[in-house]
Engineer: 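Before anything else, here's the structure in question.
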Amino acid sequence: MIITRPGDQEGAAGNRRSKMTGTAFPYVTMPATDGVVINTVNFTPGAHTYWHEHERGQILQVLAGRGLVQSEGGPVEVVRAGDTVWCPPGERHWHGASPESYMVHTAISLGATSWADPVDDSDYHDPEAREEQ
Ligand code: MN
């Protein structure tokens, strides 16, 4: 048995490696094991990832707050605590907090993650962002 605690992580705060707009506080819940890595990320209001994709997909479990997610070519969707998001393999997307709320999610990433460009402000601030019905 291996127990990983947040205090075991080095440098697990802030805007690391230019994959994020704004400030988020990620920590590794489970280090990479057989191509699976589990991160818990605390996004401050307005913080969100760059566009990226996961080789074998990703599961996002929203634990707290209000966030936004978007797949390339799709609408910006609002997510809240209790929501689970499946990002299929190779589908480019971003995720993060909404402008006025923090958001905490656990991200279960399968395979390698490929990072791309920052999200345009016009996408992030899409006035048509959809609430679930
Ligand atoms: Mn992702």
Side-chain angles (χ1 to χ4, degrees):
M1 178 181 289
I2 299 170
I3 299 176
T4 303
R5 305 184 194 282
D8 298 338
Q9 316 294 325
E10 40 75 31
N15 186 4
R16 293 188 302 165
R17 288 174 286 180
S18 297
K19 297 171 182 174
M20 192 81 70
T21 297
T23 301
F25 299 88
Y27 64 88
V28 179
T29 303
M30 187 186 80
T33 304
D34 295 333
V36 178
V37 60
I38 307 178
N39 289 292
T40 301
V41 187
N42 299 256
F43 294 89
T44 63
H48 53 281
T49 70
Y50 287 10
W51 289 103
H52 64 281
E53 55 193 69
H54 306 280
E55 182 182 14
R56 292 191 287 118
Q58 183 183 52
I59 298 132
L60 303 175
Q61 292 186 296
V62 182
L63 304 178
R66 182 178 188 272
L68 301 174
V69 299
Q70 183 183 26
S71 288
E72 192 167 45
V76 177
E77 303 268 9
V78 175
V79 293
R80 297 174 184 282
D83 290 348
T84 300
V85 180
W86 166 240
C87 306
E91 184 173 286
R92 186 166 290 198
H93 66 278
W94 60 268
H95 32 103
S98 63
E100 74 289 349
S101 175
Y102 68 94
M103 191 271 280
V104 182
H105 73 35
T106 291
I108 303 165
S109 303
L110 309 176
T113 299
S114 301
W115 292 93
D117 297 328
V119 177
D120 285 346
D121 279 350
S122 60
D123 286 329
Y124 179 71
H125 292 286
D126 181 355
E128 313 245 314
R130 298 199 317 196
E131 299 274 353
E132 78 277 13
Q133 300 303 309

Engineer: Of D117, T21, V119, which meets side chain to side chain contact (heavy atoms under 4.5 Å, CB included) against Y50?
Structural biologist: T21
Engineer: Quick one: NE2 on H52 to CD on E91, what's the gap to the nearest 0.5 Å?
Structural biologist: 11.0 Å
Engineer: Taking the side chain from H48 and the backbone from G46, do they hold a donor-acceptor pair closer than 3.5 Å?
Structural biologist: yes
Engineer: Where is the tightest heavy-atom contact between L68 and P99, given as atom of each residue plus distance?
Structural biologist: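 Where L68 meets P99 most closely, the heavy atoms are CD1-CD, 4.1 Å.
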Engineer: Can you tell me how far CZ of R92 sits from OG of S114, rounded to the nearest 0.5 angstrom?
Structural biologist: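 These two atoms lie 8.5 Å from each other.
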Engineer: Only one of H105, Q70, E77 forms a side-chain hydrogen bond (donor to acceptor under 3.5 Å, both in side chains) with H95, so which one is it?
Structural biologist: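 Going through the options one by one, the only one that passes is H105.
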Engineer: Specify the closest pair of heavy atoms between P45 and A97, including all atoms of both residues, with the distance to one decimal.
Structural biologist: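 The pair with the smallest heavy-atom distance is CA-CB, 4.1 Å.
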Engineer: Mind checking the OG1-CZ spacing from T113 to R56? Nearest 0.5 Å is all I need.
Structural biologist: 10.5 Å
Engineer: Tell me, do V78 and R66 make a side-chain contact under 4.5 Å, heavy atoms counted?
Structural biologist: yes
Engineer: Whether the T29 and T40 side chains hold a donor-acceptor pair (N or O, under 3.5 Å, no angle test) is what I'd like checked.
Structural biologist: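 T40 and T29 do have a side-chain donor-acceptor pair below 3.5 Å.
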Engineer: Can you tell me how the ring of Y124 sits relative to the ring of W94, calling it parallel under 30°, perpendicular over 60° and tilted otherwise?
Structural biologist: tilted
Engineer: Is F43 reachable from Y102 through a run of hydrophobic residues whose side-chain heavy atoms are each under 4.5 Å from the next?
Structural biologist: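 No, Y102 does not connect to F43 through the hydrophobic network.
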Engineer: Between atom CD of Q58 and atom CH2 of W86, what is the distance when rounded to the nearest 0.5 Å?
Structural biologist: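 Answer rounded to 0.5 Å: 9.0 Å.
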Engineer: Scan side-chain atoms only and decide if S71 and H93 contain a donor-acceptor pair under the 3.5 Å cut-off.
Structural biologist: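 The answer is no; no qualifying pair exists.
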Engineer: Kindly compute the distance separating SG (C87) from CG (L60), expressed to the nearest 0.5 Å.
Structural biologist: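 So the SG of C87 and the CG of L60 are separated by 4.5 Å.
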Engineer: Give a yes or no on whether L63 and V79 share a hydrophobic cluster (residues Ile, Leu, Val, Met, Phe, Trp, Tyr; joining criterion: side-chain heavy atoms under 4.5 Å apart).
Structural biologist: no
Engineer: What distance do F25 atom CZ and M20 atom CE have between them, rounded to the nearest 0.5 Å?
Structural biologist: 10.5 Å
Engineer: Any idea which heavy atoms bring A47 and T23 closest together, and the distance?
Structural biologist: CB-O, 3.2 Å
